[in-house]
A.B. asks: 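Pasting a structure below so you can have a look.
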Amino acid sequence: MAKQKTKKVDRNVLEVVIPVVVVGIFAVLAFIPAVKGFEYKVKDGFTYLVPEPPIDPSVVIVDIDDAAIQNVGMFPWSRDIHADILMQLKELGAKYLTYDIEFVDRSPVGVTSRERDQTIQSKGGELNEVFGALEAGQLKPAEAKDYASTILNEGIMLTARDNDALLGRAMKVFGNAYSTVNYNLDKGNDDATKAIEYAISSSSIPGISGDQGARSIRQLPADKVLRGAIVPIASGAAGAGITNVGDDKDPDGILRRITLLVRAPGDSSATPKIYGQLAFVPIWDKFGRPPIEVRADRIVLKTSTLAANPRPDVVIPLDPSGQLIINGPHSRGSKDHYEDGQGFVHVKVSVMQDLKLKEEAIHDLIYNQLRPAGYLGDNDFTVLYDEARVAYQETLAQGDPSLFDSYMQKHEAWLKAFSDFATGDTEKAILASLDQTLADPKLTAGDRKQVEDIKATVSPNFDQLRKAVELYNQTRDNLKKRLADGFCFIGWTSEATTDFGNTPFDPTYAMVGTHAAISNTIFKQAYLNEVPTWISFVIGAVLSLGMIAIGRRFKTAMSAVIGFGLFVGLMVVVALVYGSTGIYLGALLPGLTIFVTVVCLTVL
């Protein structure tokens, strides 16, 4: 009898001690990084139960893809290529463009082979005129020498273009183009020093109120330096944002969250300079640069205070660490799901390059084949192509946004001219004219044969032109549809590059897509969040300690059944809450706490 009583007492003691010990153990484990890493893995599985966020069609990823790099034939690219892409994006309707590319060093000067050949031809002609005048006695040798020297110097300058400044001017013309700021680069050379000074002075966000010491603003260590794009490029940008993501990765190396604001390195003053994340800066611009209020658990864009276009404030909730949890499409980021409405809109640079080649091919067909054959008659509209090209070059040379409209008018006039020519009545008129010539009884046999040969080429030539114009218009219309009012991010997505990272849905995600996902999360207010670790611990502790009452009321077998039922119920509740609200209560920590408690009580 005494032994039975002792066993009962021992069992009663175990029913109390085991839950308490288990809770104590998991109280310690809860704050170990490795355990947090396992919790994040479990969370990733539950995230598939959360509906994918709605996609804002204005968020566009501009892919510098494998085909684009092959078309250029070198990597990295000369900055004039980036300038041309920027101008083409503006022409196709993009409104914002953020570079996930760091322009931290000077690039070689130079021009394209076409521009080089044009310069050689032009300056060669000018030199021939000088030599002709010298030979004719119209110039003295000293005068001819001065003229020749000037011409050669101009030619050298024209073929030694500063492509960094060219890209800066293209950014200025675009209007809403953004460059990067990095805080892991060294101070480097004089260009780097100037870039550091420019980034510190021009890239910070003013008008931030609230708790500037909150965890939502990361303090950069004093040994870091903020270094942006070199000044010729950065000075043309509308702003710049922090591109670093390495410090935002979770302990398991996966990027799930991002810091939106950082404090300047070593700046612990009451009014520090604060800098925005790469996507956050253009988002802030798009919302009208409203005042920003910072709290530990949220960032508020005070759009209600704007004089122009006031609207409800944009509240961005932050996780317990003060970061935004990135809510992106569950599909792999490198895929283009535009047609079926899944994922972000993608525009491949190789397709943009193909569009330019199609236009040049149309010009060459008209200029080199149809024009010499007399198809254009007195309406030589190919001059519109040259006028548009000159206007384009002038716009870039001046970096004047007001000149862009003039270029667009000339370019649209050229596009309309060749489209009307291809689809109009010109072919019928030419054939009718040739038929009239053939109807002349005085036409010699030789002339008749020549006219018939010409007539035989008319329809094939126009068929070729119509097909080329049709393909050009299809490609251009598709790009304009994708880029209309586009909030774009451009980056390397080629497999030959290294800008890939690990995300919950894709171990090789093109990191430019991260910035698109951040933007979409904020634009669509499709936020995810998670409760602090201590709340997850409390949930597990309450359930585990609840087993004390269950163990005393029911026999061991029934207690085990109830305990495992609590475990399953907890998993269901976590899934339902996360799936319906986007708030993750934590599954691993409370789940293991209750599971281990039940197992121990059942076995012992």
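What you are looking at is a predicted structure, and each value in this text was computed from that prediction instead of being measured.
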A.B. asks: First locate atom CG of Asn502, then atom CD1 of Ile254, and finally report the distance between them rounded to the nearest 0.5 Å.
C.D. replies: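 Spacing of CG (Asn502) from CD1 (Ile254) equals 4.5 Å.
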A.B. asks: Determine yes or no for a side-chain-to-main-chain donor-acceptor pair under 3.5 angstrom, with Gln277 supplying the side chain and Ile258 the backbone.
C.D. replies: no
A.B. asks: Parallel, tilted or perpendicular: which fits the ring planes of Trp77 and His82, with parallel below 30° and perpendicular above 60°?
C.D. replies: tilted
A.B. asks: Decide side-chain contact (heavy atoms from CB on, under 4.5 Å) for Phe462 and Phe421; before the verdict, give the C-alpha distance in whole Å, the side-chain angles of both, and the deciding distance to 0.1 Å.
C.D. replies: CA-CA 9 Å; Phe462 270 93; Phe421 179 73; 3.8 Å; yes
A.B. asks: Taking NZ, NE, NH1 and NH2 as the nitrogens, is one of them in Arg256 or Asp44 under 4.0 Å from a carboxylate oxygen of the other?
C.D. replies: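 Salt bridge flag = yes for Asp44 with Arg256.
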A.B. asks: Quick one: pull up CD1 in Ile583 and CG in Leu528 and give me the separation to the nearest 0.5 Å.
C.D. replies: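 It comes to 10.0 Å.
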A.B. asks: With distance as the sole criterion, is a donor-acceptor pair present between the side chains of Asp313 and Ser304 under 3.5 Å?
C.D. replies: yes
A.B. asks: Side-chain donor-acceptor pair under 3.5 Å between Tyr527 and Gln525, yes or no?
C.D. replies: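 Judged by distance alone, the side chains do pair up.
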A.B. asks: Is it the case that Tyr578 and Glu530 place a side-chain donor and acceptor less than 3.5 Å from each other?
C.D. replies: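 Side chains of Tyr578 and Glu530: no pair found under 3.5 Å.
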A.B. asks: Is any side-chain heavy atom of Thr180 closer than 4.5 Å to a side-chain heavy atom of Ile101?
C.D. replies: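 A side-chain contact under 4.5 Å is absent here.
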A.B. asks: State plainly whether the residues Asp65 and Lys348 are in salt-bridge range, i.e. N to O under 4.0 Å.
C.D. replies: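 The answer is no: the pair does not qualify as a salt bridge.
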A.B. asks: So, do Trp284 and Ile205 sit near enough that their side-chain heavy atoms are less than 4.5 Å apart?
C.D. replies: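 Sidechains of Ile205 and Trp284: in contact.
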A.B. asks: Side chains of Thr303 and Arg311 only: does a donor on one sit below 3.5 Å from an acceptor on the other?
C.D. replies: no
A.B. asks: Assess the side chains of Ser406 and Lys410: does a donor N or O sit below 3.5 Å from an acceptor N or O?
C.D. replies: yes
A.B. asks: For a 4.5 angstrom cut-off between non-hydrogen side-chain atoms, does Ile326 reach Thr514?
C.D. replies: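 Ile326 vs Thr514: side chains touch.
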A.B. asks: Show the nearest heavy-atom pair for residues Pro54 and Asn520, with the distance to one decimal.
C.D. replies: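 Looking at all heavy atoms of both residues, the shortest contact is O-ND2, 3.0 Å.
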A.B. asks: Assess whether a salt bridge exists between Asp405 and Lys90, defined as any Lys/Arg side-chain N lying under 4.0 Å from an Asp/Glu carboxylate O.
C.D. replies: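 Result for this pair is no, no salt bridge flagged.
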A.B. asks: Are any of the side-chain nitrogens in Arg295 or Asp211 under 4.0 Å away from the carboxylate oxygens of its partner?
C.D. replies: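 The answer is no: the pair does not qualify as a salt bridge.
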A.B. asks: Can you confirm whether the side chains of Ser209 and Glu293 place a donor and an acceptor under 3.5 Å from each other?
C.D. replies: no
A.B. asks: Indicate whether the side chain of Asp247 and that of Tyr183 have a donor and an acceptor atom separated by less than 3.5 Å.
C.D. replies: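 A pair is found: one side chain offers a donor N or O, the other an acceptor, under 3.5 Å apart.
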A.B. asks: Do Asn176 and Leu97 have side-chain heavy atoms sitting under 4.5 Å apart?
C.D. replies: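 No, too far: nothing below the 4.5 Å cut-off.
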A.B. asks: Taking atom types as modelled and ignoring hydrogens, do the side chains of Trp414 and Glu387 form a donor-acceptor contact shorter than 3.5 angstrom?
C.D. replies: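 Side-chain D/A pair, Trp414 to Glu387: absent.
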A.B. asks: Does some side-chain heavy atom of Asn163 sit less than 4.5 Å from a side-chain heavy atom of Leu167?
C.D. replies: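 The answer is no; the side chains never approach within 4.5 Å.
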A.B. asks: Got Val314 and Val300 here, is their nearest side-chain heavy-atom distance under 4.5 Å?
C.D. replies: no
A.B. asks: When you compare the side chains of Tyr96 and Asp285, does any donor N or O come within less than 3.5 Å of an acceptor on the partner?
C.D. replies: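 Distance-only check fails for Tyr96 and Asp285.
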A.B. asks: Using side-chain contact (heavy atoms from CB on, under 4.5 Å), reason through Met171 and Ile233 one step at a time and then give a plain yes or no.
C.D. replies: CA-CA 8 Å; Met171 285 184 166; Ile233 295 175; 3.8 Å; yes
A.B. asks: Are the charged groups of Arg389 and Asp386 less than 4.0 angstrom apart, N to O?
C.D. replies: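 Answer for the salt bridge query: yes.
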A.B. asks: Out of curiosity, Met352 CE to Leu92 CG, how far, rounded to the nearest 0.5 Å?
C.D. replies: 6.0 Å
A.B. asks: Ignoring hydrogens, what is the shortest heavy-atom contact between Ala199 and Gly228? Give both atom names and the distance.
C.D. replies: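 That would be CB-N, 3.8 Å.
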A.B. asks: Would you check if Tyr178 and Tyr99 make a side-chain contact, meaning some heavy-atom pair closer than 4.5 Å?
C.D. replies: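 Side chain of Tyr178 against side chain of Tyr99, heavy atoms only: no contact under 4.5 Å found.
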A.B. asks: Go through Thr475 and Val351 one step at a time and tell me if the side-chain contact (heavy atoms from CB on, under 4.5 Å) criterion holds.
C.D. replies: CA-CA 8 Å; Thr475 303; Val351 177; 3.9 Å; yes
A.B. asks: Could you check whether any side-chain N or O of Arg482 sits under 3.5 Å from a backbone N or O of His346, counting only pairs where one atom can act as donor and the other as acceptor?
C.D. replies: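 Yes, because the side chain of Arg482 sits within donor-acceptor range (under 3.5 Å) of the backbone of His346.
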A.B. asks: Nearest 0.5 angstrom please: Phe344 CZ to Asp56 CG, how far?
C.D. replies: 9.0 Å
A.B. asks: Are side-chain heavy atoms of Tyr198 and Val181 found at a separation under 4.5 Å?
C.D. replies: no
A.B. asks: Does Asp250 come within less than 4.0 Å of Arg257, counting only side-chain N to carboxylate O?
C.D. replies: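 Salt bridge between Asp250 and Arg257, a charged N being under 4.0 Å from a carboxylate O: yes.
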A.B. asks: Might you point out which heavy atoms bring Thr521 and Asn327 nearest each other, and give the distance in Å?
C.D. replies: OG1-O, 3.1 Å
A.B. asks: List the atom of Asn182, the atom of Glu102, and the distance in Å for their closest heavy-atom pair.
C.D. replies: ND2-OE2, 2.7 Å
A.B. asks: Dump the intermediate steps for salt bridge (Lys or Arg N to Asp or Glu O under 4.0 Å) on Glu470 and Arg476, then the final yes or no.
C.D. replies: CA-CA 10 Å; Glu470 179 184 5; Arg476 189 167 189 260; over 6 Å; no
